[in-house]
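In this text the structure is predicted, and so the values were computed from the model without any measurement. Convention: sequence-line order gives letters A, B, ...; per-chain numbering from 1.
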Number of protein chains: 2
Amino acid sequence: MSNCSHCIMKRFNALKTLTHDELERFSDHKTSLIIKKGENIMTEGNSINGLYCIQDGKCKLTKLNTNGKEQIIKFVKGGDILGHRSILSEEPVGLNATALEDMRVCFIPKGDILESIKDNPQFSLNLIKNISLQLSHANTAISQMAQKPVKDRLAETLLSLEEIFGVDNEDCIDVILTREEIANTIGTATESAIRLLSNLKKDGVIDLLGKKIKILNKNTLKNISEGY
Amino acid sequence: MSNCSHCIMKRFNALKTLTHDELERFSDHKTSLIIKKGENIMTEGNSINGLYCIQDGKCKLTKLNTNGKEQIIKFVKGGDILGHRSILSEEPVGLNATALEDMRVCFIPKGDILESIKDNPQFSLNLIKNISLQLSHANTAISQMAQKPVKDRLAETLLSLEEIFGVDNEDCIDVILTREEIANTIGTATESAIRLLSNLKKDGVIDLLGKKIKILNKNTLKNISEGY
DNA sequence: AAAAATAAATGATAAATGTCATAACTAGGA
DNA sequence: TCCTAGTTATGACATTTATCATTTATTTTT
């Protein structure tokens, strides 16, 4: 099995301040998992007894509303960690993490994490910063959901998806989402999302190649996202 | 000047795990402030070099959108603390905190807070839990803003305002908000908020006594908030 | 107390968005 | 390969929500 102290992921995520010894301890206790597309890594309301470190693959973090609709709160990819909020706050998981494609994930037991939190204040601070940043993003999202029309939110979301996932060798945003998932991200009906995507294509701002989306004019998209 | 170790606030908020000595240190360095209605305790984008402990009074936390609209993210009252997210994440303040009435506030310098974070892991954990809880609420808010109609959000907000501020001796929600502020909380136009409040009154679900709002039928309101 | 400014209320209308129906397309399994 | 189920696309229409105009009420200032 691979060794945490050699894992390139440790350079990218909140684990980067861990010492060699700490990483060795993680290695000894970690388990590697394959999560198939559509499966859940974590499920809303469940307890969790460790932290997930995403090696490879993409997933969506969602919340089921009282009206039965799914809201996508955040996208997560290789290098990100999951479950630390729940461990630190000692509360059940707040969101579903569902794989958008097959994923490789490491699970590190809670005990080892808490040990490092106690020993390594810098690690602890990194986790706090991570959660604080998420809170800051969430507040921005509340404001945008509440105040901006659907078209603006779609533009914003497309830019943000390219920011998060980058582009493939054909300059398309490097993630495959259904139209329904896009709608559940911006908070609108699937048909509305489809219609607005078609309009953006007609206006030459984006191109649609099946499920792949290519941004043709980033500036225009940015203007739309700000209401112009 | 009052002494932190005798302050009843210490029993309610995230400071409750501080030792007598720590509270004495806070006392020595703290400053007490009076914030008049309409003034800001903190301002979006500014740096902050301490933590505010609300003694008395209410304030709103807001965010200015790119389209110039104000979004109310959260309400804060006596016993709550402000500014800890910014201190911990070493980032500028993310929200404006504006007094809804005259307030009494204590300011505790950053140095003393960081000292306690280093010495007192339980205090540190309490702050993390506080931020985690805020994140959890924020995610719920995103989902509701994105998926629920204005009427449902208004019902939800009224219930939540009563939850936060309680009721006065006439059973009215114990906070004075303008219709515009209510609209900025649920994310709608002022006229829409007014209209929906009038409808709720006509249906006997609430009563409107000037700016004071009295909830007459909590169950109905709860049903509305869930889309029934 | 009167005047001025601000806030609340309401109607009329326009614009945005959701819902339903249906057709065209796509992808995965028999 | 064909077939089926799911997805995407589009039109027609209903509903929700925003905007503008105006009146009434309330608060603040003089």
By side chain to side chain donor-acceptor pair (under 3.5 Å), N199(A) pairs with (sequence neighbours left out) none
In whole angstrom, give the distance that lies between atom [atom1] of [X] and atom [atom2] of [N].
X       : N       : atom1 : atom2 : answer
D152(A) : dA18(D) : CG    : P     : 14 Å
K148(B) : dG18(C) : NZ    : C1'   : 18 Å
K202(A) : dA9(D)  : NZ    : P     : 12 Å
Q147(A) : dA16(C) : CD    : C1'   : 16 Å
K151(B) : dT17(D) : NZ    : P     : 10 Å
M145(A) : dT17(C) : CE    : P     : 13 Å
K212(A) : dT7(D)  : NZ    : C1'   : 17 Å
L177(A) : dT7(D)  : CG    : P     : 13 Å

By the ring-ring contact (aromatic ring centres under 6.0 Å, His included) test, which pairs, at least two apart or in different chains, include something from residues 186-218 of chain A?
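Every pair satisfying ring-ring contact (aromatic ring centres under 6.0 Å, His included) with a residue in residues 186-218 of chain A: there are none.
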Note, H137(B) side chain near L133(B) side chain (heavy atom, < 4.5 Å):
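Side chain of H137(B) against side chain of L133(B), heavy atoms only: contact under 4.5 Å found.
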Is the closest basic N to carboxylate O distance between [X] and [Y] below 4.0 Å?
X       : Y       : answer
K222(A) : E226(A) : yes
K129(B) : E91(A)  : no
D102(B) : K36(B)  : yes
E170(A) : K214(A) : no
E101(A) : K37(A)  : no
K212(B) : D207(B) : no

Hey, does the side chain of R153(A) reach the backbone of I186(A) with a donor-acceptor pair shorter than 3.5 angstrom?
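Checked: pair present.
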Would you confirm whether N217(B), through its side chain, and N219(B), through its main-chain N or O, come within 3.5 Å as a donor-acceptor pair?
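Pair found, side chain donor or acceptor close to backbone of N219(B).
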DNA chain C contacts made by residues 57-72 of chain B, counting heavy atoms under 4.0 Å:
none
Could you list by number each residue of residues 180-195 of chain A showing a heavy-atom separation from DNA chain C of less than 4.0 Å, or answer none if no residue does?
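T188(A), A189(A), E191(A), S192(A), R195(A), in order of number.
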Sorted by position of nearest nucleotide on DNA chain D, 5' first, the leading residue of L208(A) and V150(B) is L208(A)
Residue pair [X] / [Y], side-chain donor-acceptor N/O under 3.5 Å:
X       : Y       : result
T66(A)  : K148(B) : yes
N223(A) : T220(A) : no
N96(B)  : E44(B)  : yes

Compute the bend angle of the helix from dA1(C)-dT30(D) to dA30(C)-dT1(D) from the end axes (five pairs per end), rounded to 10°.
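Both end axes considered, the difference amounts to 40°.
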Let me have a per-nucleotide readout for nucleotides 22-29 of chain D, 5' to 3', with B, S or -, counting only protein heavy atoms under 4.0 Å.
--------
